[in-house]
Amino acid sequence: MEPILELNNVSSGYGSIKALKGISLKVFPGEIVAIIGANGAGKSTTLMTICSIVSVDSGTINYDGQPIQGRAPETLPPLGLCQVPEGRRIFPRLTVEENLKLGAFYRQDRVEIEKDLENVYALFPILKERCKQEGGTLSGGEQQMLAIARALMSRPKLLLLDEPSLGLAPLFVQKIFEIINDINKKYGTTILLVEQNANLALQTAERAYVLETGKITMEDSASVLLDNPEIRKAYLGE
Ligand code: ATP
């Protein structure tokens, strides 16, 4: 099977700061893949580089059979590549439903959009209850759900999730990961997620990469990494 996403020796950064130093990774259709690593390892930078928000200094990024490095970021969601950035970034003055409909901005298929709206409401019943409420008045966890639900409205082939657990109460953290699993199983959406909560990330993903100061130092199936004493010591607080 061809990977849906392949990074080959990708370097990128911010001026003189080299945040990624030649990373290579592959994501295959239908997988959930996690990138784990400490603060500042370059996890967010990896996702932002894939989305062209941070530009590639060297190396190549292929998505769905074509090179995408150097493309304008706004050209990627119409190809099915969609990111939920860290910090949620919903529109606070728009209602929940308006936020969701904006996720379908590139689509013309009105009937299907209505169906997808019902599907995301089924996945996140709290959003249906709050559909007329302004996004900015939702709790942090609800805003995270709204950001993920909005991304789903674009019918992504590959969903990039940046720290879905960040700032959430423990109950919400568990719930978000259950929903990530559901999205993958129900819709076959491929997911690349970046997480500081290595434990949950490794329980949810099939494979994972370990990122340390801009380099990939390990890659394996998530269950093997979960059993690795070095990983347990460094990332699972043992
Ligand atoms: P965290 O989990 O703390 O968000 P991370 O693994 O996502 O960490 P990045 O945010 O990708 O790490 O940061 C990688 C490196 O790039 C860090 O050294 C960080 O200080 C630096 N960096 C990130 N954003 C910028 C920026 N806008 N300008 C300059 N340096 C940056």
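For ligands, and for the atoms within them, numbers begin at 1 and follow the listed sequence. Remember, it's a predicted structure, so these values are computed and weren't measured experimentally.
Nearest to atom 8 (O) of ligand 1 by heavy atom, out of Gly40, Ala41, Gly15, Ala19, is Gly40. When the heavy atoms of Ser16, Gly214, Ser44 are ranked by distance to atom 7 (O) of ligand 1, first place goes to Ser44.
Under a 4.0 Å criterion applied to the non-hydrogen atoms of Thr45, ligand 1 contributes the atoms 9 (P), 11 (O), 13 (O), 14 (C). Of all the atoms in ligand 1, the ones that sit under 4.0 Å from a non-hydrogen atom of Gln196 are 2 (O). Short contacts between ligand 1 and Ile17, defined as distances under 4.0 Å to a heavy atom of the residue, involve ligand atoms 29 (C), 30 (N).
Taking the side chain as every heavy atom from C-beta outward, Leu81 and Lys157 never approach each other to under 4.5 Å. You'll find the side chain of Thr213 reaches within 4.5 Å of the side chain of Lys21, heavy atoms only.
Sorted by first then second residue, the salt bridge (charged side-chain N to carboxylate O under 4.0 Å, His left out) pairs that include residues 173-186, not counting sequence neighbours, number zero.
Between Lys43 and Glu195 there is no salt bridge, since none of the side-chain N atoms of the basic residue sits less than 4.0 Å from a carboxylate O of the acidic one. Between Glu114 and Arg110 there is no salt bridge, since no side-chain N of the basic residue sits under 4.0 Å from a carboxylate O of the acidic one.
Closest protein heavy atom to atom 3 (O) of ligand 1: Asn39 OD1, 2.8 Å. Nearest to atom 5 (P) of ligand 1 among the protein's heavy atoms is Lys43 N, 3.4 Å. Of all protein heavy atoms, the one closest to atom 23 (C) of ligand 1 is Tyr14 CE1, 3.3 Å. The nearest heavy-atom contact from the protein to atom 4 (O) of ligand 1 is Glu86 OE1, 3.7 Å. Of all protein heavy atoms, the one lying nearest to atom 12 (O) of ligand 1 is Gly42 N, 3.2 Å.
At least one heavy atom of Ala38 sits less than 4.0 Å from an atom of ligand 1. Within the structure, ligand 1 has Glu163 among the residues with a heavy atom less than 4.0 angstrom away. Residue Gly37 places every heavy atom at 4.0 Å or more from ligand 1.
Residue Ile148 holds its CD1 atom at 15.0 Å from CE of Met153, rounded to the nearest 0.5 Å.
Counting non-hydrogen atoms of neighbouring residues, nucleotides and ligands closer than 6.0 angstrom, the CD atom of Glu2 reaches no more than 12 such neighbours.
Applying side-chain hydrogen bond (donor to acceptor under 3.5 Å, both in side chains) to Thr49 and the options Ser12, Ser44, Ser11, Ser55 leaves one that passes, Ser12.
Per-atom contact check: atom 20 (O) of ligand 1 does not touch the protein, criterion being a heavy-atom distance below 4.0 Å.
Among residues two or more places apart in sequence or in another chain, the salt bridge (Lys or Arg N to Asp or Glu O under 4.0 Å) test is passed with Lys115 by Glu112.
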